[in-house]
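Read the structure below first, then the notes.
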Amino acid sequence: MVNAKALLELNANGLFCPLGEFYVDPVRPVARAVVTHAHGDHCRPGHEALLGTPHTIEIARTRYGPNGFSKVKEIRYNGNIRLKGVKVRLIPAGHVLGSAQVVIEAKLGGKTVRAIVSGDYKRRFDPTCEPFEPMPCDLFVTEATFGLPVFRHPPTEKEVGKLLASLSAFPERAHAVGVYPLGKCQRLIAELRRAGWDAPIYLHGSLRKLTDLYQRLGVELGETRDATASAKAEMAGQVVLAPASALSDKWARRLPDPLICGASGWMTVRQRAKQRGVELPLIISDHADWDELRQTVEEVDPETLWVTHGAEEALVHWRRSQGYEAAALSIAGRSDEGDA
Amino acid sequence: MTPFAQLLTSLVFTPSRNAKLRLLMRYFDKAPDPDRGWALAAIAGEMDLRAVQPSVIRGLVEERVDPVLFRLSYDYVGDLAETVSLIWPAEPEGTSVRLSGVVDQLAAASRSETPALLVRLFDQLPPEERFALIKLATGGMRVGVSARLAKTALSEWAGEQGVDAPVERIEELWHGLEPPYVALFQWLSGGGPEPDVDLSLAFRPMMLAHPIDAALYSADELKANAESEEATRARLAERLAPSDFAAEWKWDGIRVQAVATDNGRKIYSRTGEDIGHSFPDLVEAMRWRGCVDGELLVVRDGEVAPFSDLQKRLGRKTVSAKMLRDFPAHIRAYDLLHDGETDLRGRPFAERRTRLEAWASEAEADRLDLSGIVDFAQWDALAEIRAGARAAAQEGLMLKRRDAVYVGGRPIGQWFKWKRDPLTADCVLMYAQRGHGKRSSYYSDYTFGAWRGGEDGPELTPVGKAYSGYTDEELLKLDRWIRNNTTDRFGPVRAVKTELVFEVAFDAVQVSTRHKSGVAMRFPRIKRIRWDKPAHEADRLETLQRMIRD
Ligand SMILES: [Zn+2]
Ligand SMILES: [Zn+2]
């Protein structure tokens, strides 16, 4: 019997495709890396050859500088390339700008088999990136950041509405949202614009480069200003974005009576939100929630499911209880919380 | 149910007292009767529903959710109510269920009907409201709001409606009011008269004292002069006439108000909480009629026991016979607010004191005696007496204007507490933690230690924690020092080089089994930062152990 599991194996560097001689999202520098997206735990500097979507490559260059990788190769969404014995295609994953699922196909024993490494993904609308494209396959590698049935993210509009309501209830306080610099920051800006918030949005210096890049790549974000260059009083009743670590430290003193907000899937759990000193939790995530994970697995309907970073155990248990093969892959070095 | 659930969530996440007040006021303003009254009852801990056991809730969820998935989720979330509210498989589209409807249904359901009712409600409510429902049904709100804060919000909200309802008046009426407090809200919103309540057994808001320094110094002089004996004596003579004041001992127990009428007996704490259930021996002994303001103490063979003995009896729902025998409770009376049915609060202190003495000699009062009046003619003489107070269970002296009427709150210029000099020790800063609210970006909470002999020579053992006593300027300096001298970090806590000495002031040292050092300080605060003092010259643990009062 042909088996798609021949397409991928796990070693100390990460997921390896022996027939194609490349890694997907390797955790250490390798000769050839296909990356799903530019978050640090998926795309690290130092590979000899980096393959990814044009936007992912652009972001990786911005983050790591022109010398981060010796060679790069852009692969457009849905464009096929051949790597040794396999065909590789990238299709949208809906996670951040440029994020992709890696589709690997080969003829084994006269039959075409397909494996998909989905990287990080979500299923709901995101104004800053292409939506996830479900494609049937034999082996599906999925993340499980929010792989527990307690995680069911509410509609994004509802959460953005909470922020807007708080801005009008506390017009004297700067609303400071802790965000990840790639993806969450820009998506939150875009969601606020969609909800009609057209005031300037104030940014921590470390968010500037990627936000400007998003705009250069055609994502409309409206006016943003540097928080450090703005008068304290000016930011009252305004939205300020910064890495969470800056908000719990000295940096926040420049803001008028800051109301600390969090924007991630972790905000679902009160204790975790409180631990982070969050006063207004917003459940806005770039990862699939429990329902989306199950919906996706059912749509792509793989014979074998491999589950990586997150709550693997629950998703594996659920899939097995449906009578399918499922296993947890523990890949070292995946961040639990970084880009949630 | 939606506004109530949202209120609970916001309260949990809001650290500042002011912001909590505003959330409560906005809720009272928008929510209709009787919903807001039930919410008030839930927050103030006055909801009288039969509590559902957590095991019942757990049983319900395990019928609906794969037990393995439930267990994994519960392990992760850590709180049963939250796990169940999030994992319950129904996804209703919003809700029109009202809080009052839920309360009525819970109250009407028998023990055997309750599980089915909960399932029905879980199916109808979104997660946030399910969470509120479970907290209501299991009887543990814990939203970081005291009953007092809720009443303060009521008072301020009434003020916005143009109704003058001081929080003391609301506390006075509280005892006679019942959820859902419709008449109360009518009054507070300007739509009705003050509720007519039988106040004979009610809590009378307590009269409180200012520290003596408040009479002697302006706010900006305080820090420089506070707790200096000589300066206080000199200023006393300059500012206050000894003949205007009566002095009495302030005892080291808890201040209470005990009231007994034909309708019942109550013992209230300073904040108006009824604590009679912890002191059945006292309630039993209250065969007199009237309302007494005094200090609750443990007294054995006529001797006041250390505060730590009294602590063993505080907060107990039931009290064993052994507890009653080993830690007998007692009231040492300061003041008489009602003699039988006669309200004395409008009379001057001197007259109330005479009435108290006469009343006590006639009353059948075997667990009650009077706190003695200390005779003195000049402040210096009183200061000498006060200096000798250390050995007894006396916190210091109270000075009361002889002509002061009894009013709730902290009226200016009437009563002063002149605590005995604090104890002090030089301790070494070990850990610093970020503060809350306005101080959340500053390292403002300090754990300090004293030296003791360790296996490899002298080592520091933590002896206390303080977050007051320094100026804003000093806080900035400390914050900078801590950031530059960090040796390790654990979440919001930093370990620092053990080089900085604090002179710490505190009221007493107690034996403690909870602290590794075996001692605990009462009311520690930073008196001075000794930038000049080398850490090895700080005090040893033995010095603190010698300060423990027997
Ligand atoms: Zn990611
Ligand atoms: Zn990831």
Side-chain angles (χ1 to χ4, degrees), chain A residues 144 146-155 158 162 165-166 169-170 172-173 176 246-255 257-262 266-283 289-291 294 310-318 320-322, chain B residues 6 8-16 18-20 22-23 26 61 64-79 81-91 93-94 126-128 131 135 142-144 434-443 476 479-480 483 491-492:
Chain A
F146 295 112
L148 282 171
V150 289
F151 292 109
R152 283 181 292 181
H153 309 327
K158 191 178 149 208
K162 278 191 202 162
S166 178
F170 300 100
E172 73 289 359
R173 305 184 66 181
L247 294 181
S248 61
D249 214 329
K250 283 191 205 170
W251 189 86
R253 292 181 201 165
R254 72 191 68 244
L255 307 177
D257 194 7
L259 194 157
I260 309 297
C261 317
W266 305 114
M267 293 298 127
T268 305
V269 179
R270 283 162 196 256
Q271 216 31 56
R272 292 194 76 145
K274 260 191 85 106
Q275 259 167 22
R276 274 155 222 224
V278 165
E279 201 168 328
L280 179 64
L282 305 168
I283 306 167
D289 65 8
W290 175 252
D291 292 344
R294 288 184 310 162
E312 297 95 342
E313 211 185 326
L315 201 61
V316 167
H317 169 83
W318 163 77
R320 283 190 187 154
S321 68
Q322 295 200 319
Chain B
Q6 283 174 350
L8 290 188
T9 305
S10 325
L11 287 173
V12 164
F13 284 109
T14 303
S16 105
N18 261 335
K20 282 186 174 149
R22 281 171 60 186
L23 288 167
R26 216 171 37 199
V61 74
R64 290 287 280 263
V65 178
D66 179 325
V68 174
L69 294 179
F70 173 72
R71 177 180 56 76
L72 290 169
S73 300
Y74 187 23
D75 283 351
Y76 177 83
V77 175
D79 177 82
E82 189 167 13
T83 311
V84 173
S85 68
L86 293 170
I87 208 173
W88 194 263
E91 271 168 279
E93 306 276 305
E128 191 175 48
F131 179 77
K135 290 288 177 190
R142 294 224 196 104
V143 287
R434 277 202 294 263
H436 295 281
K438 270 199 183 353
R439 286 180 177 176
S440 60
S441 72
Y442 295 93
Y443 286 88
L476 281 179
D479 183 73
R480 208 172 316 125
R483 290 172 192 276

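Just so you know, these numbers come straight off a predicted model, no measurement behind them.
Ion pairing between a basic and an acidic side chain is recognised when a charged N comes within 4.0 Å of a carboxylate O; Glu279(A) and Arg173(A) show such pairing.
When heavy atoms are compared at a cutoff of 4.5 Å, Pro154(A) does not approach chain B at all. Ala314(A) touches chain B through backbone and side chain together, each having a heavy atom under 4.5 Å away. Both the backbone and the side chain of Arg270(A) come within contact range of chain B, each with at least one heavy atom under 4.5 Å from a heavy atom of that chain. No part of Ala311(A) comes within reach of chain B, as not one of its non-hydrogen atoms sits under 4.5 angstrom from that chain. Of the atoms belonging to Ser10(B), not a single heavy atom falls under 4.5 Å from chain A. For chain B, no part of Ser166(A) is nearby; none of its heavy atoms comes within less than 4.5 Å. No part of Trp251(A) comes within reach of chain B, as not one of its non-hydrogen atoms sits under 4.5 angstrom from that chain. With a threshold of 4.5 angstrom between heavy atoms, Phe131(B) approaches chain A through side-chain atoms but not through N, CA, C or O. Both the backbone and the side chain of Val269(A) come within contact range of chain B, with heavy atoms under 4.5 Å apart.
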Derivation and outcome, side-chain contact (heavy atoms from CB on, under 4.5 Å), residues Tyr76(B) and Thr83(B):
CA-CA 9 Å; Tyr76(B) 177 83; Thr83(B) 311; over 6 Å; no
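Using a 4.5 Å cut-off on side-chain heavy atoms (C-beta onward), Cys261(A) and Val278(A) make no contact. For the pair Ile87(B) and Phe151(A), the minimum side-chain heavy-atom distance is 4.5 Å or more.
Between chain B and the options Asp249(A), Leu148(A), Val150(A), heavy-atom pairs under 4.5 Å are most frequent for Val150(A). Options Gln271(A), Lys274(A), Arg152(A) differ in how many heavy-atom pairs under 4.5 Å they form with chain B, and the most are formed by Arg152(A).
Residues passing the salt bridge (charged side-chain N to carboxylate O under 4.0 Å, His left out) test with Arg26(B): none are found, sequence neighbours excluded. Judged as a side chain to side chain donor-acceptor pair (under 3.5 Å), and not counting sequence neighbours, the contacts of Arg253(A) are Ser441(B), Asp479(B).
Enclosure of atom CD in Glu313(A) is not indicated, since only 12 or fewer non-hydrogen atoms of other residues, nucleotides or ligands lie within 6.0 angstrom.
With respect to Met267(A), the side chain to side chain contact (heavy atoms under 4.5 Å, CB included) criterion is satisfied by exactly one of Ile283(A), Leu282(A), Leu280(A): Ile283(A).
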